[in-house]
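Below: the structure, in structure tokens.
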Amino acid sequence: MSKIVWAVLLGIATIAGAQVRGGDDARVVLVMTDGMRWQEVFRGADESLLVPERYFDKRDVSELKKKYLAATPEERRQKLMPFLWGTFLSQGQIYGDRDAGSDASVTNGFSFSYPGYSETLTGHGDQRIDSNDDRPNPNLTVLAWLSKQPGFQGKVAAFGAWHVIANVVNPENCMSCMVKAGYDPVEMSPMTKEMKILNNIKANSPRVWEDEAYDAPVFETALEYMRVKKPRVVFLSLGETDDWAHAGNYGEYLEAAHRVDGYLKRLWDTLQSMPEYKDKTTMIFMVDHGRGSAPEEWKSHGQKVPESKYIFMGFMGRGVPAAGLEKNVAPVTQSQAAATLARYLGLDWNAAEKLAGAPIAAAVK
Ligand SMILES: [Zn+2]
């Protein structure tokens, strides 16, 4: 082979290598849905819980049964989360199916929300974070660190349904980040008609939960912000799965999970239609904590429900080997998410935060 051909091939190899390591224009979207159980993700709806007593004021559940029940776990999970078990799985990998020999868990020892979000975004548990109080995170998150890296200034955004999400990220540390949570309005430049409508919807909707908006306007806010501002790193935290489960409303918990799957699809399809994101984006989908088992403990989680430490973690898109459902693999932990996320951007979070878990090696090309 001639020297010129070799030079061309080496050039291609170098470009390909740079893409695998993140390159100059890699992007990451991290989506979390609060307190969704690995059991529903991998097994689908639990028939024993899908009863009128566990829906709005004993509302009829026959439509929900048609929508979500089927003979096998594979069919049920496909009905509950068709995007996750379709496009996401075919272009990525999912950890946490304990029926298939894959454990994913939190390491923070608390198994509730603030410790879980903090572990996800910092890469380590912190004994000081022992409540869900709405206080600034004393730790630097990978988002705040990214916002100070070259090429990321003004390119990091975080949106949460739960008001506390803003303090978990800690806007004081996150320079030039867009951080908005709960019912707070988003101002951006240029401001759009769509964003004004979303701000109005949040301001004027019933506040069923005083510190947490419904997922729908929060998702639409994040999508509108991405459409206009095109940030490189986005964290979107949704909350209804946790709220409906705490309320004992299994029917609406399933509906909320199904809506989240629809948001993942719309997010992915929208990003693939935008040149700034198309084929440059990695999507991560995971949860802050698990919950207990049927018939009662599924409503709850925390230190008194030991199995609520089990979670799920999924990765898809650029830089992710399409391994599909992980079976009989070494356990992974929530503390590995931050370094894995940074790795998709070609950056080393472990060098900046010594306490952080290592990237999940098999999740990164
Ligand atoms: Zn939670």
Side-chain angles (χ1 to χ4, degrees), residues 30-41 81 96 104-137 139 141 143 158-170 179 181-183 208-215 218-219 222 235-250 252-257 259-261 263-264 284-293 296-314 333-335 337-338:
L30 165 63
V31 181
M32 298 179 72
T33 188
D34 204 294
M36 181 169 179
R37 300 197 308 166
W38 69 269
Q39 288 92 329
E40 275 76 25
V41 172
M81 307 195 89
S105 62
V106 307
T107 68
N108 58 64
F110 293 109
S111 301
F112 59 82
S113 290
Y114 199 139
Y117 289 111
S118 185
E119 179 175 340
T120 300
L121 297 178
T122 65
H124 59 90
D126 182 345
Q127 291 303 304
R128 293 173 297 176
I129 300 173
D130 58 359
S131 81
N132 277 338
D133 292 354
D134 199 357
R135 288 195 295 241
N137 196 334
N139 302 290
T141 65
L143 301 179
F159 301 94
W162 187 35
H163 192 259
V164 179
I165 290 296
N167 262 331
V168 177
V169 176
N170 193 350
V179 181
Y183 299 95
V208 175
W209 307 294
E210 64 178 346
D211 61 349
E212 185 159 308
Y214 282 147
D215 288 342
V218 175
F219 167 74
F235 169 43
L236 170 61
S237 164
L238 301 166
E240 287 187 42
T241 41
D242 190 68
D243 296 303
W244 296 121
H246 279 299
N249 188 334
Y250 191 75
E252 197 58 23
Y253 163 78
L254 293 178
E255 293 278 76
R259 287 192 290 267
V260 169
D261 183 80
Y263 299 147
L264 294 176
I284 303 174
F285 177 51
M286 55 185 284
V287 69
D288 57 335
H289 56 79
R291 326 189 70 81
S293 296
E296 291 300 329
E297 283 201 326
W298 67 276
K299 290 182 260 183
S300 184
H301 59 90
Q303 286 160 297
K304 290 180 181 157
V305 185
E307 64 184 299
S308 60
K309 73 176 183 181
Y310 292 111
I311 60 171
F312 62 88
M313 302 170 77
T333 64
Q334 193 174 48
S335 68

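As the structure lists them, so they are numbered: ligands from 1, and atoms in each ligand from 1.
- Between Lys304 and Glu297, none of the side-chain N atoms (NZ, or NE/NH1/NH2) sits under 4.0 Å from a carboxylate O, so this pair counts as no salt bridge.
- Between the Zn ion (ligand 1) and the N, O or S atoms of His289, the shortest distance is to NE2.
- Backbone or side-chain N, O or S atoms of Asp242 do not reach the Zn ion (ligand 1) at under 2.8 Å.
- The nearest pair of heavy atoms linking Thr33 to Phe312 is CG2-CZ, 4.5 Å.
- Because the distance cut-off is set at 2.8 Å, His301 fails to qualify as a neighbour of the Zn ion (ligand 1), as none of its N, O or S atoms comes that close.
- Checked against the Zn ion (ligand 1), the N, O or S atom of Asp288 at the shortest distance is OD2.
- Restricting Asp34 to its N, O or S atoms, the one at the least distance from the Zn ion (ligand 1) is OD1.
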Would you check, one step at a time, whether the test side chain to side chain donor-acceptor pair (under 3.5 Å) holds for Asn170 with Thr141? CA-CA 8 Å; Asn170 193 350; Thr141 65; over 6 Å; no
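- Distances from the Zn ion (ligand 1) show that Ser113 has an N/O/S atom below 2.8 Å.
- The two residues Tyr183 and Trp209 make their nearest non-hydrogen contact at OH-O, 2.8 Å.
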One pair to check against side chain to side chain donor-acceptor pair (under 3.5 Å): Ser113 and Asn132. What are the steps and the verdict? CA-CA 7 Å; Ser113 290; Asn132 277 338; 4.6 Å; no
